A.B. asks: 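Structure provided below as structure tokens; questions to follow.
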Amino acid sequence: MQTKVINIKDIKIGDNNPIVIQTMWKDHLTTGDLTDIIHKIDTLAAMGCGLLRFAVPDLGTAEILGELAQTVSMPLVADIHFDYKIALRCMDFPIAKIRINPGNIGGKDKTATVLEKAGAKSIPIRIGVNAGSLPGDLQERVNTGMRPALALVEAAEREVSIFKEFGFTQYIVSMKASGIADTIEANRIFSERTDAPLHLGVTEAGPLIAGVASSAVALTTLLKEGIGDTIRVSLSDTMENEIIAGREILRASGLKAGGVKIVSCPRCGRHGFDTHGFTNRWLSRLYSLDKDITVAIMGCEVNGPIEAKHADIGITGVGEKVLIFRHGEIVKTISREDADEIFEEELSNL
Ligand code: SF4
């Protein structure tokens, strides 16, 4: 779907630009040494996270986010509710974008102040409408039969009209519901009526499996119709898994080729090698590789050697031993205990 393009630092969102995957920091930001946080942000970037959002509930958090924004290259987004002064303070730092909901920021004059500063600093804003926090009148209409998707669209259009009133054009819109059908319908309707880039997501999607399943259905449906410019898979799970899920949804939608493909067996009573444990330990590392490769992680001789042979790098149990393949050839026969260390060596040589 043709949309206008919004520049978020070096990233372009909208129109035919690549779909950007994002996630949200899951912990409170507290003062002190930021080394671990910076390291984690670097890992998320290597895994494919293009934008990272932080909740900023108070001015103290704005200071910490500001420090991070001055340190890392990842574009950081400040998510602000209720207090426009927090948004103003965040914009004193090189943050990439803010997310506000004009409906709860304290009135039009406060919104105007935020928009003025954002405009002067070329900081785009996401208008985030959520089915769980609709304006009171729309919620009442939903309670008496209005389709939730129509309420989401109307809420978004109200917010957009405020931005337009103040001449602010650098915005992205999201309309999120926990229902798949509502999410799809709201975004379809809105994309017909506007050229604003859309951030897609199913809100409160649930724990890992339920969340990935519902997000995959909703997002894949929309993305295949050309709707959506940036995505977040919201999970009651890790940021890393949100990024991996986002990548796999883009792959399933035909919007991302290449990268690391992991072929791993489900494990059964025959296994000589614990594919579950190994895959979990290596997941973030493998998804951080900037390579177009297939990695096979297999449990036993039934399917292991064949799958491992067809991969760029494969590891499989065979009886008491573990074999490592590279490009179809067995390069090491090792014990289970040495699997991680030797696999790392072989991966580095790939
Ligand atoms: S490869 Fe072996 S361990 Fe893995 S599922 Fe197949 S039979 Fe079971």
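Heads up: numbering here begins at 1 and tracks the sequence. Small disclaimer: the values here were computed from a predicted structure and weren't measured.
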A.B. asks: Who pairs with Ala96 by side-chain contact (heavy atoms from CB on, under 4.5 Å), at least two apart in sequence or on another chain?
C.D. replies: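 side-chain contact (heavy atoms from CB on, under 4.5 Å) list for Ala96, sorted by chain: Ile8, Lys9, Pro75.
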A.B. asks: Should the heavy atoms of other residues, nucleotides or ligands under 6.0 Å from CD of Glu116 be counted, would the total exceed 12?
C.D. replies: no
A.B. asks: For Arg188 and Glu225, indicate whether the former's side chain and the latter's backbone hold a donor-acceptor pair under 3.5 Å.
C.D. replies: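 Answer holds: no.
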A.B. asks: With a 4.5 Å heavy-atom cut-off, do Asn104 and Ser133 have their side chains touching?
C.D. replies: no
A.B. asks: Do Phe278 and Arg267 make a side-chain contact, defined as non-hydrogen atoms from C-beta onward lying under 4.5 Å apart?
C.D. replies: no
A.B. asks: For residues 295-324, which residue pairs pass the salt bridge (Lys or Arg N to Asp or Glu O under 4.0 Å) check, not counting sequence neighbours?
C.D. replies: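 For residues 295-324, and leaving out neighbouring residues, the salt bridge (Lys or Arg N to Asp or Glu O under 4.0 Å) pairs sorted by first residue read Glu320-Arg336.
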A.B. asks: Can you tell me if NZ on Lys26 sees more than 12 non-hydrogen neighbours from other groups inside 6.0 Å?
C.D. replies: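 Count over threshold, so yes.
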A.B. asks: Looking at side-chain heavy atoms only, is the closest gap between Ile86 and Leu59 below 4.5 Å?
C.D. replies: yes
A.B. asks: Have Ser335 and Asp338 got a donor and an acceptor in their side chains that come within less than 3.5 Å?
C.D. replies: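 There is such a pair between these side chains.
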A.B. asks: Assess Lys164 against Tyr171: is NZ or CZ under 6.0 Å from the centre of the six-membered ring, and within 45 degrees of the ring's axis?
C.D. replies: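 Negative - Lys164 is either too far from the ring of Tyr171 or too far off its axis.
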A.B. asks: Take Lys110 and Asp83 through the test salt bridge (charged side-chain N to carboxylate O under 4.0 Å, His left out) and record every step on the way to the result.
C.D. replies: CA-CA 9 Å; Lys110 311 280 194 307; Asp83 187 348; over 6 Å; no
A.B. asks: Test of understanding: clusters of I, L, V, M, F, W, Y form through side-chain heavy atoms closer than 4.5 Å, transitively. Do Ile315 and Val331 belong to the same one?
C.D. replies: yes
A.B. asks: In terms of relative ring orientation, are Phe168 and Phe163 parallel, tilted or perpendicular, with 30° and 60° separating the classes?
C.D. replies: perpendicular
A.B. asks: If you define the side chain from C-beta out and look only at heavy atoms, does anything of Glu242 sit under 4.5 Å from Ile21?
C.D. replies: no
A.B. asks: side-chain contact (heavy atoms from CB on, under 4.5 Å) with Ala156: which residues, sequence neighbours excluded?
C.D. replies: Val129, Val173, Met175, Phe190
A.B. asks: Is a side-chain donor-acceptor pair under 3.5 Å present for Glu344 with Ser348?
C.D. replies: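 Result is yes, a qualifying pair exists.
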A.B. asks: Measure the shortest side-chain to side-chain distance between Thr194 and Val160 over non-hydrogen atoms and say whether it is less than 4.5 angstrom.
C.D. replies: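 Thr194 does not reach Val160 side chain to side chain.
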A.B. asks: Looking only at heavy atoms, which two atoms of Ala308 and Thr316 are closest? And how far apart?
C.D. replies: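 Taking Ala308 first and Thr316 second, the nearest heavy atoms are CB-CG2, 4.4 Å.
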A.B. asks: Can you establish whether the number of heavy atoms outside Arg147 located under 6.0 Å from its atom CZ is more than 12?
C.D. replies: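 No, CZ of Arg147 has 12 or fewer neighbouring heavy atoms, counting only those of other groups under 6.0 Å.
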A.B. asks: Does Val20 reach the side chain of Asp229, with side-chain heavy atoms less than 4.5 Å apart?
C.D. replies: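 Heavy-atom side-chain distance check fails, nothing below 4.5 Å.
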A.B. asks: So, Asn143 versus Gln139: side-chain donor-acceptor pair below 3.5 Å or not?
C.D. replies: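 Yes, because at least one side-chain N or O of Asn143 sits under 3.5 Å from a partner of the opposite role on Gln139.
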A.B. asks: Using a strict threshold of under 4.0 Å (side-chain N to carboxylate O), is an ion pair present between Lys40 and Glu240?
C.D. replies: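 Salt bridge between Glu240 and Lys40, a charged N being under 4.0 Å from a carboxylate O: yes.
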A.B. asks: Please check if the number of heavy atoms outside Asn280 that lie under 6.0 Å from its CG is greater than 12.
C.D. replies: yes
A.B. asks: Measuring from Ile189:CD1 to Glu157:CD, what's the distance to the nearest 0.5 Å?
C.D. replies: 9.0 Å
A.B. asks: Should we count NZ of Lys85 as having more than 12 external heavy atoms under 6.0 Å?
C.D. replies: no
